[in-house]
Amino acid sequence: MSIDDELFQKWMYASESDSLDFKRDQYEFIGATDAEKSELLKDILAMTNSWCESDAYIVIGIEDLPVKPNALHGISDHIDDAIIQQFVNGKTAAVCRFEYISHTDQGLSYGVLRIPRQARPAYLKRSYGGLKANTVYVRRGSSTDEASPAEIALMGKEVNDSREANLMVELYDTQNGLSLGSSISVTTKEILITDNIPDYKASSTGGMFSVSLGMENKNYYREMIEHINFRLAYIPLDFCIENTGDLEAVNIRIEMEFPPVVYGLLTDGDEVDAPDSNMLNVISRLSPSTPSGFLVDSYSDRWLAGTHLERLHAKRRMDIGGRL
């Protein structure tokens, strides 16, 4: 997920609240002590348990000022989302859903922790740093406190049945960053040469790196025609899957059916590469191909393309590619 520019501009004039916290500097994390890293853990837990009615945000690189606008400092480094996920959810009693997003504005970089509304309370299984086990930390206004037993009981009574993952798959133009909707029209061409295509012969004046010593690729012209026809017959095509819901989707299986009139479907690694006139270069490029996670099966009545994703966070989009 990316941060909307309009939302970021609003933060310049906003004050800290149950759903918004500003940090001037990046959290001490890589190489930090347990006490230092517990500050990040405490803030995520507190925002998860807050009583806000929408997503909560911790914005790193902005200083909250009593007189607006706020001070924009930016940060010089980011913490990888996967590292924070492992750090936090390895210590909580239940999965705590959040994501770390980097955002750039006017040449400065910022870190944003987005914490969606979710089942509560969230708490630690064991004490860590300065935080206590089985204690519910909650955000109240611009400060963090320990929740009372009555408050914890209310958290547990909340019903979240209406919150769910909602997946949408569309065709996507990654080069231009545009959604193409659910269907497109494709026209292909083919070059047909009826004459015999001669063998390739290298020039006798190629300098010290001449390929005239019997190392020329005799099939160069024929391979070039094959490569050109491949480029004319197939177009790159990406698919975009987006989770527009409020819950993380896990163990996702994507399957798409194509009618049998489709000439064929190829995945990354199946392309016909441009040929080389020098066999030494051709040999140097030969290496085991990397299997693609996008698999295609052909049947008598359809083509079936499918792939598998382990998880997709709420409000996040992921691109998966192929070639049609």
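We use all heavy atoms of the structure for the numbers below, so side chains are in, but hydrogens, waters and symmetry mates are not. Quick caveat, the model's predicted, so the values are computed rather than measured.
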Considering residues at least two apart in sequence or located in another chain, which fulfil the side chain to side chain contact (heavy atoms under 4.5 Å, CB included) criterion with I252?
L167, I241, A249, I254, L309, L312

Name all residues meeting the side chain to side chain contact (heavy atoms under 4.5 Å, CB included) criterion together with A93; count only those two or more places apart in sequence or in a different chain, and write none if there are none.
Y123, K125

What residues, two or more places apart in sequence or in another chain, satisfy salt bridge (charged side-chain N to carboxylate O under 4.0 Å, His left out) together with D145?
R140

Sorted by chain and residue number, the side chain to side chain donor-acceptor pair (under 3.5 Å) partners of K10 (sequence neighbours excluded) come out as none

Residues forming a salt bridge (charged side-chain N to carboxylate O under 4.0 Å, His left out) with E28, sequence neighbours excluded
none

I'd like to check the side chain to side chain donor-acceptor pair (under 3.5 Å) partners of T244; sequence neighbours left out, ordered by chain and number.
N166

Is L65 reachable from L72 through a run of I, L, V, M, F, W or Y residues, each pair having side-chain heavy atoms under 4.5 Å apart?
no

Residues clustered with V95, ILVMFWY side-chain links under 4.5 angstrom
none

Sequence neighbours left out, what pairs pass salt bridge (Lys or Arg N to Asp or Glu O under 4.0 Å) with at least one residue falling in residues 37-50?
K23-D43

Side chain to side chain contact (heavy atoms under 4.5 Å, CB included) involving I191 - partner list, sequence neighbours excluded:
I193, I228, N229, L232

Value for CD (Q9) from CD (E6), rounded to nearest 0.5 Å, stands at 9.0 Å

Could I get the full list of salt bridge (charged side-chain N to carboxylate O under 4.0 Å, His left out) partners for R24, not counting sequence neighbours?
E63

Find the distance between CZ (R114) and CG (D55) and round it off to the nearest 0.5 Å.
4.5 Å

Contacts of D64 meeting salt bridge (charged side-chain N to carboxylate O under 4.0 Å, His left out) (sequence neighbours excluded), chain-then-number -> K68

Who clusters with L124? Use side-chain heavy atoms, under 4.5 angstrom, across I, L, V, M, F, W and Y, and order the result by chain and number.
Y27, F29, I30, L40, L41, I44, L45, M47, I58, I60, I75, I79, I83, I84, F87, V88, F98, Y100, L113, I115, Y128, L131, Y137

